Amino acid sequence: ELDEKLEAEHPFRPAPPKPVPKWDADQGFVKLNAAAILREDQIYRRKQAEEARLIAGYEEDLRDAKEYDRWVEAQRAKEEAERAATLEQRRVEMQLADEQAKAAMEKSKLRKRHVVTKMRIEASAVSEE
């Protein structure tokens with residue numbers, strides 16, 4: 001109902017679109033002149049140069065990976081040696097710390113024994129009086 005009212009108020013009706021023309025394959029042929037031939041040749045040469053550059057890049061990337069593999073193996077061996085050296089150093093430091101702790105405990109025991117012995121002597125001297 002609303003659409004009918006709007007259509008009555010606006011009498012403009014656009015013309016229906018024309019169908020797309022049908023083209024024959026032979027009808028669109030353009031004769032090549034010297035400029036078009038040179039332009040096509042330039043495009044062809046540019047594509048050939050780009051392909052040659054890509055092929056050269058692929059050839060460079062196809063080098064032997066043995067040198068890289070040797071370098072990686074050497075780096076792994078170096079890191080393993082460093083890790084082993086660090087581990088050995090920590091082990092030695094831990095042994096040294098353990099020995100120092102044992103010596104400190106022994107020194108503390110001796111000091112306490114000395115204090116206890118001294119106190120016993122004083123206690124026996126006090127009890128004798």
Side-chain angles (χ1 to χ4, degrees):
E1 183 178 316
L2 185 61
D3 289 337
E4 293 172 5
K5 184 179 177 183
L6 286 174
E7 286 180 20
E9 290 177 6
H10 301 289
F12 175 74
R13 302 282 177 256
K18 295 180 182 177
V20 177
K22 297 192 186 318
W23 297 91
D24 290 335
D26 296 333
Q27 190 178 9
F29 181 74
V30 177
K31 291 184 179 179
L32 294 177
N33 57 14
I37 292 172
L38 291 174
R39 199 170 28 253
E40 292 292 325
D41 185 52
Q42 180 63 27
I43 292 171
Y44 179 73
R45 288 178 192 256
R46 193 176 304 136
K47 285 183 182 179
Q48 278 186 331
E50 179 66 21
E51 289 174 1
R53 189 185 62 77
L54 286 173
I55 290 172
Y58 290 144
E59 288 175 353
E60 288 177 8
D61 290 341
L62 292 177
R63 67 182 182 280
D64 192 12
K66 289 180 183 176
E67 180 181 339
Y68 174 74
D69 291 340
R70 275 187 252 124
W71 177 80
V72 168
E73 192 62 36
Q75 291 298 320
R76 285 185 184 152
K78 181 180 173 184
E79 289 172 2
E80 181 64 27
E82 288 175 0
R83 190 184 67 78
T86 303
L87 198 63
E88 181 64 24
Q89 182 181 0
R90 285 184 190 165
R91 190 181 65 77
V92 168
E93 288 173 356
M94 288 176 62
Q95 282 181 340
L96 183 62
D98 184 52
E99 290 173 6
Q100 288 175 348
K102 287 179 181 177
M105 297 255 315
E106 190 64 32
K107 187 176 180 181
S108 174
K109 284 181 185 178
L110 288 174
R111 194 175 324 122
K112 288 179 184 178
R113 282 185 190 161
H114 180 66
V115 169
V116 169
T117 306
K118 195 175 184 182
M119 289 175 72
R120 283 185 183 163
I121 292 172
E122 289 177 4
S124 63
V126 169
S127 65
E128 288 180 4
E129 291 178 4

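Keep in mind that this is a model prediction, so the values were computed, not measured. The basis for the numbers below is simple: all heavy atoms, side chains too, and nothing from hydrogens, waters or symmetry mates.
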Compile the donor-acceptor pairs under 3.5 Å between side chains in residues 91-105 and protein atoms, sequence neighbours left out, one pair per line.
residue : atom : partner : partner atom : Å
Arg91   : NE   : Glu88   : OE1          : 3.3
Arg91   : NH2  : Glu88   : OE1          : 3.4
Arg91   : NH2  : Glu88   : OE2          : 2.4
Glu93   : OE2  : Gln89   : NE2          : 3.3
Asp98   : OD2  : Lys102  : NZ           : 3.4

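With sequence neighbours excluded, no residue forms a side chain to side chain donor-acceptor pair (under 3.5 Å) with Asp69. Remark: Glu79 engages no residue in a side chain to side chain donor-acceptor pair (under 3.5 Å) (not counting sequence neighbours). For the salt bridge (charged side-chain N to carboxylate O under 4.0 Å, His left out) test, residues two or more places apart in sequence or in another chain that qualify with Arg83 are Glu80. Under the side chain to side chain contact (heavy atoms under 4.5 Å, CB included) criterion, Lys78 pairs with Gln75, Glu82, not counting sequence neighbours. In this structure Arg76 satisfies the side chain to side chain contact (heavy atoms under 4.5 Å, CB included) test together with Val72, Glu73, sequence neighbours excluded.
The neighbour count for Gln48 CD, taken as heavy atoms of other residues, nucleotides or ligands under 6.0 Å away, is above 12.
A donor-acceptor contact closer than 3.5 angstrom is absent between the side chains of Tyr44 and Glu40.
Side chains of Asp41 and Arg45 form a contact here, defined as non-hydrogen atoms less than 4.5 Å apart.
The CD atom of Glu106 sits 6.0 Å away from atom NZ of Lys109, with the distance rounded to the nearest 0.5 Å. Atom CD of Glu122 is separated from atom CE of Met119 by 7.5 Å, given to the nearest 0.5 angstrom.
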